Amino acid sequence: MKSTWKKMLFVDGIFVYMIAAVLSVSYYREQTARTREGMPAFGGATEAEAGAAADPYREMGKRVALTFDDGPNPYYTEPLLAGLSERGVKATFFLLGKEVEKHPEIVEEIQKQGHIIGNHSYQHEQLSRLSDEAACGQVERTNELIHGITGEYPLYLRPPYGDWKDGLDCETIMIEVLWDVDPRDWATSDTAAVVKRVTGKVQDGDIILMHDASESSVKAALEVVDRLKAEGYQFVTVEELLLE
């Protein structure tokens with residue numbers, strides 16, 4: 001009986017935490033949108049007054065989250081990790097289950113270096129086109145694979161194509177994370193073009209979508225870090241950007 005109650009309390013605690021997290025994300029996004037548009041922050045403050053009060057991190061500089069989909073990649077993830085480490089940058093990696101199975105040692109390295117690991121489904125299928133059972137299976141199978149390597153279940157989910165299945169009731173409660181800036185780095189080998197697409201659009205509080213699946217993408221990501229750091233940006237994980 002004691003064991004049963006402990007499990008129930010644990011599950012309830014996780015549920016309350018996730019609800020609070022979702023509300024925090026919603027508040028943060030709406031607050032950011034209002035201040036970007038020059039609207040008063042909640043409570044009637046002016047845009048200038050809203051600055052530090054509504055966003056205590058503003059004093060620390062502009063903040064963005066760099067995210068990578070479709071890994072781990074046996075050729076490009078480790079060079080990317082080395083470049084991020086040299087620059088003192090933490091990122092968020094949304095992993096495919098089928099790649100996690102093939103390259104567990106890279107998953108271990110991602111965790112070891114302090115990056116956030118998220119779920120990107122098992123094999124990059126559009127979840128809205130699958131049955132509920134199949135869609136949940138894509139997510140849950142990947143969660144179990146990541147847990148088996150890291151000892152932790154991922155809290156964050158990025159559905160392929162940003163397309164979650166409405167009304168899907170999986171057992172796993174996760175926070176869906178999409179993006180603000182997509183340079184489509186997977187569609188070109190032109191590093192300079194990718195860098196320009198990011199630096200020309202990014203704003204404070206944005207989530208940048210990239211991939212660790214090609215040499216040009218890795219080069220572009222590291223150049224983006226260098227360029228934006230020079231402009232006063234700080235790189236944080238999705239968790240830091242959305243929940244703190």
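Throughout, numbering of the chain's residues begins at 1 and tracks the sequence. Everything quoted here is computed from the prediction, not taken from an experiment.
If you chain together hydrophobic residues whose side chains sit under 4.5 Å apart, F68 and V181 fall into the same group. Each of W186 and V218 belongs to its own hydrophobic cluster when Ile, Leu, Val, Met, Phe, Trp and Tyr are linked at side-chain heavy-atom distances under 4.5 angstrom. I116 and I110 end up in different hydrophobic clusters when Ile, Leu, Val, Met, Phe, Trp and Tyr side chains are linked at under 4.5 Å. Criterion: ILVMFWY side-chain heavy atoms under 4.5 Å apart, direct or through other members. Under it, I175 and I207 are part of a common hydrophobic cluster.
Considering only residues two or more places apart in sequence or on other chains, H211 meets the side chain to side chain donor-acceptor pair (under 3.5 Å) condition with D185. Partners of K90 under the salt bridge (Lys or Arg N to Asp or Glu O under 4.0 Å) rule, at least two apart in sequence or in another chain, do not exist in this structure. Evaluation of the salt bridge (Lys or Arg N to Asp or Glu O under 4.0 Å) rule for E108 yields no partner, not counting sequence neighbours. Residues forming a side chain to side chain contact (heavy atoms under 4.5 Å, CB included) with A134 (at least two apart in sequence, or on another chain): L130, S131. Residues passing the side chain to side chain contact (heavy atoms under 4.5 Å, CB included) test with V236, sequence neighbours excluded: R63, E240, L241. Evaluation of the side chain to side chain contact (heavy atoms under 4.5 Å, CB included) rule for D182 yields W179, R184, L209 as partners, not counting sequence neighbours.
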Exercise answer: donor-acceptor pairs, residues 187-202 side-chain atoms, under 3.5 Å, sequence neighbours excluded:
residue	atom	partner	partner atom	Å
T188	OG1	D190	N	3.0
D190	OD1	A192	N	3.2
D190	OD1	A193	N	3.1
T191	OG1	S216	O	3.4
R197	NH1	P183	O	2.7
T199	OG1	V195	O	2.9

Compile the donor-acceptor pairs under 3.5 Å between side chains in residues 74-81 and protein atoms, sequence neighbours left out, one pair per line.
residue	atom	partner	partner atom	Å
T77	OG1	N73	N	2.7
T77	OG1	N73	O	3.2
T77	OG1	D212	OD2	2.7

Expected list for residues 92-106: side-chain donor-acceptor pairs under 3.5 angstrom, two or more places apart:
residue	atom	partner	partner atom	Å
T92	OG1	V238	N	3.0
E101	OE1	Y122	OH	2.4

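Here the CD-CG distance, from Q138 to L157, works out to 11.0 Å after rounding to the nearest 0.5 Å. Residue I117 holds its CD1 atom at 13.0 Å from OH of Y156, rounded to the nearest 0.5 Å. For the atom pair NZ (K62) and CZ (F235), the distance works out to 10.5 Å, reported to the nearest 0.5 Å. With rounding to the nearest 0.5 angstrom, the CG atom of N143 is 4.5 Å from the CG atom of N119. One distance of note links CD of E140 with OG of S121; it measures 12.5 Å at 0.5 Å rounding.
Across all their heavy atoms, G162 and L178 have their closest contact at CA-CD2, 3.7 Å. The nearest pair of heavy atoms linking S85 to Q113 is CB-OE1, 3.7 Å. Smallest separation of non-hydrogen atoms from P154 and G118: CB-CA, 4.1 Å. In terms of heavy atoms, E239 sits closest to L155 at OE2-CD1, 4.2 Å.
Contacts classified as ring pair (Phe, Tyr, Trp, His ring centres under 6.0 Å) and involving residues 127-151 (residues at least two apart or in different chains) are given here: H147-Y153. For residues 221-231, the pairs satisfying side-chain hydrogen bond (donor to acceptor under 3.5 Å, both in side chains) are R87-D226, with sequence neighbours left out. Under the salt bridge (Lys or Arg N to Asp or Glu O under 4.0 Å) criterion, the residue pairs touching residues 144-159 are D69-R158, with sequence neighbours excluded.
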TODO: Dump the intermediate steps for salt bridge (charged side-chain N to carboxylate O under 4.0 Å, His left out) on R129 and E125, then the final yes or no.
DONE: CA-CA 8 Å; R129 296 185 177 181; E125 291 189 76; over 6 Å; no
TODO: Kindly determine whether V107 and T150 satisfy side chain to side chain contact (heavy atoms under 4.5 Å, CB included), including the steps that lead there.
DONE: CA-CA 8 Å; V107 179; T150 67; 3.8 Å; yes
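Between I208 and T67, the closest side-chain pair of non-hydrogen atoms is not below 4.5 Å.
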